[in-house]
Visitor: 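Can you keep this structure in mind? I'll have questions shortly.
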There are 2 protein chains.
Amino acid sequence: MGVMGVRKAQAAETEEALKAAARREFAERGYLNTKVTDITAAADRATGSFYQHFAGKEELLQALLADMHAQAGATFDDGGHPPHDLTDPAQLREHLAAGWGVMRDNRAVMTALFESAMAAGPASGALWERLAADTSMLREHLEFLQDRGDALPGDPTLIAAAIGGMLAMLAYALLPADPDAPAPAGQTAYSDAQILSTLTDLLSHGLAGPAACPPAPQ
Amino acid sequence: MGVMGVRKAQAAETEEALKAAARREFAERGYLNTKVTDITAAADRATGSFYQHFAGKEELLQALLADMHAQAGATFDDGGHPPHDLTDPAQLREHLAAGWGVMRDNRAVMTALFESAMAAGPASGALWERLAADTSMLREHLEFLQDRGDALPGDPTLIAAAIGGMLAMLAYALLPADPDAPAPAGQTAYSDAQILSTLTDLLSHGLAGPAACPPAPQ
DNA sequence: GTCTATATACAGATAGAC
DNA sequence: GTCTATCTGTATATAGAC
């Protein structure tokens, strides 16, 4: 095998530059508001070059998703997947924290995926597919509980989608593009810890709260 | 005062036809995918007439929202607003059912509002404003509980937004454009009752479930 | 007020030189 | 492979007759 061609290396560099620029632009302006020319301009490349690498904006987004999966896969493979017992608040919090972390670390891509799914319209089913795909792990944990004999509030797929949708909506609405930016006017800034603690508590014990069950000596 | 001008009446008729057509089109194709010409065609009106009534698609959506508020206001005023005790599963269910019913009855407008908010991008804060606006009543009920001395999982505004976001996401993903249409392939059809029961149970007692608190005779 | 016809604007995508 | 320049398609909005 000969040395890698200079042109091939340059191509890879350009493709990476385009993807990096896309992540920046998506985070700042949102996926739908970002034009292909915004991306090429931010990457200091010509418009025509874009189509040498991607068939369009949607395909670029899919590439970003693939990158994310590859990265997440590597991360998760290190730790392995012991089936969590989500009825344990500590383990639930851990799971929610993992999901929230993915949202935070890949905010641009995640929000872009949701914008894209919503732009397809309700009838397309794209949003449901997105929810189902992003909550498959959560669903499996719930099915594990169900197989164990626990009484769940309902169908595991539905519960998982509900929780995932809540997480996604809050991430979209609350995660700042720039973590160091000042809080947007008129909007309370919630810390990650505050959000996680609220969701964990809500999903563990519900609104009735642990107070609803007196520590009876049975 | 003289009789209402014929032209004025015709204008009102056209405006109503445009709004009705918009609701249909939004429900079928989604807000973002619906073009002004789609609306005028569905209403059997000329493109130019549209701008006699609305400055643009966004303004039309605001008009639909105003109509919805007027209608909802009338409905709610009949019943009055006794502060609900959301720690009571029955009252929580009732509240969720009311919210879900609004989503269902105004699916086209509600989904359009969320599409519009998401199209504005995450940085705009539009989605958070939407969530906050649509869950103000829920927030008040939670504040009522807080004032009463109950320990909530967190900030009432945040909890309300989380629940509202979950509801909105599920409504967008699961509510069919045509209630009588066959279930979309590969997608389980959930009944309203099933969804409400699942959410009520989840939000009342959480994943730990009522099983976590034995029915002690106190 | 409503219509037909048209102007404006711009995003997406391509052609051909280098 | 990258660039500049351009073409095409399409959505928005307006002009002017009726």
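Here is the naming used below: chain letters follow the sequence lines, and residue numbers restart at 1 for every chain. Bear in mind that the values here come from a model prediction, so they are computed numbers and not experimental data.
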Visitor: Taking only N and O in the side chain of B:Q52, is any of them less than 4.0 Å away from OP1 or OP2 of C:dT2?
Guide: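 For C:dT2, neither OP1 nor OP2 has a side-chain N or O of B:Q52 closer than 4.0 Å.
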Visitor: Round to the nearest Å and state the distance from A:Y31 atom OH to C:dA11 atom C1'.
Guide: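 Atom-to-atom, A:Y31 to C:dA11, this comes out as 13 Å.
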Visitor: Roughly how many Å is it from CD in A:E58 to C1' in C:dG12, rounded to a whole number?
Guide: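 So the CD-C1' distance, A:E58 to C:dG12, works out to 14 Å.
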Visitor: Within this structure, what is the CZ-CE distance for the pair B:F114 and B:M110, rounded to the nearest 0.5 Å?
Guide: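 Separation between the atoms: 5.5 Å.
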Visitor: Would you check if there is a donor-acceptor pair between the side chains of B:E58 and B:Y31 at a distance under 3.5 Å?
Guide: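 The criterion, which ignores hydrogens and geometry beyond distance, is satisfied for B:E58 and B:Y31.
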Visitor: Taking the side chain as every heavy atom from C-beta outward, state whether B:L138 and B:L86 have any atom pair closer than 4.5 Å.
Guide: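 B:L138 vs B:L86: side chains touch.
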Visitor: How many Å lie between CG on A:D38 and C1' on C:dA13, as a whole number?
Guide: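 Checked: the CG to C1' distance equals 16 Å.
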Visitor: What does the list of N/O pairs under 3.5 Å between the protein and nucleotides 5-15 of chain D look like, with a distance for each?
Guide:
residue : atom : partner : partner atom : Å
D:dT12  : OP2  : B:V36   : N            : 3.2
D:dA13  : OP2  : B:Y51   : OH           : 3.4

Visitor: Compare the minimum distances between each of D:dT4, D:dT2, C:dG1 and the side chain of A:A46, then state the nucleotide with the smallest one.
Guide: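 That would be D:dT4.
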Visitor: Expressed in angstrom and rounded to an integer, what is the separation of A:R45 atom CZ from C:dA13 atom P?
Guide: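 Roughly 20 Å, once rounded to whole Å.
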Visitor: Distance check needed: C:dT2 P versus B:I39 CD1, whole Å only.
Guide: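 About 16 Å, once rounded to whole Å.
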Visitor: Does C:dG1 have OP1 or OP2 under 4.0 Å away from a side-chain N or O of B:H53?
Guide: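 Checking B:H53 against C:dG1: no side-chain N or O falls below 4.0 Å of OP1 or OP2.
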Visitor: To the closest 0.5 Å, what do you measure between CG (B:L113) and CD (B:Q62)?
Guide: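 B:L113 CG to B:Q62 CD: 7.0 Å, rounded to 0.5 Å.
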Visitor: For salt bridge (charged side-chain N to carboxylate O under 4.0 Å, His left out), just list the numbers for A:E28 and A:R24, CA-CA rounded to whole Å, side-chain angles, deciding distance to a tenth of an Å, and then say yes or no.
Guide: CA-CA 6 Å; A:E28 277 179 30; A:R24 281 197 306 268; 6.0 Å; no
Visitor: Could you state the interatomic distance from NZ (B:K19) to CZ (B:F54), rounded to the nearest 0.5 Å?
Guide: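 Answer for the NZ-CZ pair, B:K19 versus B:F54, is 5.5 Å.
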Visitor: Any side-chain N or O of B:S49 under 4.0 Å from OP1/OP2 of C:dC3?
Guide: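 Yes, B:S49 has a side-chain N/O under 4.0 Å of OP1/OP2 on C:dC3.
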